[in-house]
Amino acid sequence: MSIAEQYIQYVKDKTAEHPEQSWNKILLGFQANKYRLKFLPEKDISRGYQRLESMMMSFVANALSHRDSYVWGNIFAPCELIGSFGLATLSIECLSCFLSGYHLEDYFIDYAQTEGIAPTLCSYHKTFIGAIESGAVPLPRYAVTTSLSCDGNLNTFRYLDKKRGIPFTLLDIPYEADDGSVDYLAAQLEELANRLENVFHKPFRIEKLQQSLQIENETRKELWKFFRLQSRHYYPGKLVSSLYLMMGMHLLIGTQEFLDLVRFMVEDIQTYPEFKGKKILWVHLLPFYQESLQKYFNANEKYQIIASDISLDSAEELDASRPFHSLARKLIHNLYNGSYSHKAEIISRLTDELHPDAVIQFCHWGCKQSSGGSILLKERLQEKDLPMLILDGDGIDKRNSHDGQMKTRLEAFLEMLDEAKAGQEETC
């Protein structure tokens, strides 16, 4: 057992014994991993993904070290607005993934359920609630969530407000993008800016938000270049690399640091060889711990995830001269807002742009919109003769995933893709 594995086991044991005394131990591990990734990056993955992993670990470790430097949010909280106050946005989904690195998700999930949280609630939310309720994770000064996509968001943040006194703002995202709906959401975003001013005693400077939106526009253009290049070049990464990229696009979008990284990846990927394997477009969450998926998508020259839909959930060109209205339109037009047929149509257009050989959707246990709409997407892609695999499991709770079943279905699907390619080559 390595030193890192020993420390992970030590923290898990101590957290189970005295969760209220475990935070400094958890944070020390994050800080140590930050320096490890900076000076001893993963050797089997590309330079860009090495830098991305180091950046995300540093972002989380640095933010968590200072209680006044961040707010909790969900993955769709407007980090650009929050960042204009010099604050980091740490999503509960992101935190749950990092706590899973200590194999603590089962302890926190069980803790939340003993406190009366329903077993059917999303495991990301249960991990987060259990971490707070047990006293393992200190309370933030403020939180921000949205009604977008997940029906558990409001209940989770209401619960934490009621039980632990964490004040929060809910952004109610309309389905329609008419002028009235945009004005309605823009007013909510302005009110959020006022609340953050009062809570953190920092002035809101609109020019900082405008600059962030200009950087975001550039970042999105560069990311599209990268994804198109990744469909042509072998750019070795890990399953978790796609997860880190998704986190970056929702927690660091609008920062110069993240734009510089994406630009580096665009340049760097062009130095790598041609990719001759199967290109996969991933839909929804990534169960980064799943061994069968790691086997096929961690630095594998035969199969490469070229993009994930959550990293491309918004293609909105932002008008920096009207920042609140631009952010409102971005949230309303999000791929995950509205009916699943809307999402299916956007993903269909993504396949036209990126030309994947197949689509894989992971239906996370407890996520109703994902499971309920997957067949609609499959039918839409069948019209284009594009193969799609639907995998069921849990993005974070290993007890809800059956690796053997997933391995059987995944291998059969990939074998089908390989046979189809071989048949095409014989025909040619």
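Every heavy atom of this structure was used, including side-chain atoms; hydrogens, water molecules and symmetry mates were not.
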Any non-hydrogen side-chain atom of [X] less than 4.5 Å from a side-chain atom of [Y]?
X: L312; Y: L354; value: yes
X: E379; Y: I375; value: yes
X: P236; Y: E301; value: no
X: I347; Y: L377; value: yes
X: Y235; Y: T271; value: no
X: I396; Y: L99; value: no
X: L192; Y: P78; value: yes
X: I280; Y: P356; value: no

[X]-[Y] side chain donor-acceptor pair, cut-off 3.5 Å:
X: H402; Y: D392; value: no
X: N62; Y: S65; value: no
X: S123; Y: D394; value: yes
X: Q31; Y: K34; value: yes
X: Q256; Y: D260; value: yes

Checklist entry - ring pair (Phe, Tyr, Trp, His ring centres under 6.0 Å) with F128: which residues, sequence neighbours excluded? => result W72
Next on the checklist: For H333, give me all partners under side chain to side chain donor-acceptor pair (under 3.5 Å), at least two apart in sequence or on another chain.
Outcome noted: E316
To the nearest 0.5 Å, how far apart are [atom1] in [X] and [atom2] in [Y]?
X: D309; Y: D313; atom1: CG; atom2: CG; value: 7.5 Å
X: F324; Y: D319; atom1: CZ; atom2: CG; value: 13.5 Å
X: L331; Y: L189; atom1: CG; atom2: CG; value: 6.5 Å
X: T156; Y: N74; atom1: OG1; atom2: CG; value: 10.0 Å
X: T219; Y: L259; atom1: OG1; atom2: CG; value: 4.0 Å
X: I360; Y: I305; atom1: CD1; atom2: CD1; value: 7.0 Å

Ring centroid separation [X] to [Y] under 6.0 Å:
X: Y124; Y: H364; result: yes
X: Y303; Y: F413; result: no
X: F168; Y: Y142; result: no

Item to check | Charged N-O contact under 4.0 Å between E274 and R232 | outcome: no
Are there over 12 heavy-atom neighbours, none belonging to [X], within less than 6.0 Å of that residue's [atom1]?
X: E291; atom1: CD; result: no
X: K38; atom1: NZ; result: no
X: R36; atom1: CZ; result: yes
X: K25; atom1: NZ; result: yes
X: D172; atom1: CG; result: yes
X: K384; atom1: NZ; result: yes

Heavy-atom pair of closest approach, residues [X] and [Y]:
X: W365; Y: P119; value: CH2-O, 3.0 Å
X: R399; Y: I109; value: NH2-CG2, 3.7 Å
X: N337; Y: I332; value: ND2-O, 2.9 Å
X: A61; Y: L27; value: O-CD1, 4.0 Å
X: M249; Y: F258; value: SD-CE2, 3.6 Å
X: P323; Y: L209; value: CB-CD2, 3.6 Å

Under a 3.5 Å distance rule, please check whether [X] uses its side chain to pair with a backbone N or O of [Y] as donor and acceptor.
X: E222; Y: V262; value: no
X: D357; Y: K279; value: yes
X: H233; Y: Y272; value: yes
X: S231; Y: R228; value: yes
X: S54; Y: Q50; value: no

Checklist entry - Per the side-chain hydrogen bond (donor to acceptor under 3.5 Å, both in side chains) rule, which among E115, Q113, E105 passes with K126? => result Q113
Checklist entry - Would you call the rings of F297 and W282 parallel, tilted or perpendicular, where under 30° means parallel and over 60° means perpendicular? => result perpendicular
Checklist entry - Do the rings of Y102 and F30 sit parallel, tilted or perpendicular, given the 30° and 60° boundaries? => result tilted
Item to check | Stepwise side-chain contact (heavy atoms from CB on, under 4.5 Å) check, S401 with K398 | outcome: CA-CA 5 Å; S401 289; K398 303 174 182 66; 5.9 Å; no
Taking only residues two or more places apart in sequence, or in another chain, which ones meet [X] in a salt bridge (charged side-chain N to carboxylate O under 4.0 Å, His left out)?
X: R349; value: E345
X: E216; value: R220, K330
X: K378; value: none

Item to check | Pair I75-C94, side-chain contact (heavy atoms from CB on, under 4.5 Å): steps then yes or no | outcome: CA-CA 8 Å; I75 196 66; C94 171; 5.7 Å; no
Checklist entry - Taking the six-membered ring of Y107, is the NZ or CZ of K12 close enough (under 6.0 Å from the centre) and on axis enough (within 45°)? => result no
Checklist entry - Centre of F264's six-membered ring, under 6.0 Å away, within 45 degrees of the axis: is that where NZ or CZ of R51 sits? => result yes
Item to check | side-chain contact (heavy atoms from CB on, under 4.5 Å) partners of N298, counting only residues at least two apart | outcome: K238, L239, Q294
Checklist entry - Can you list the steps and then say if N300 with Q304 is a side-chain hydrogen bond (donor to acceptor under 3.5 Å, both in side chains)? => result CA-CA 7 Å; N300 190 333; Q304 181 162 272; over 6 Å; no
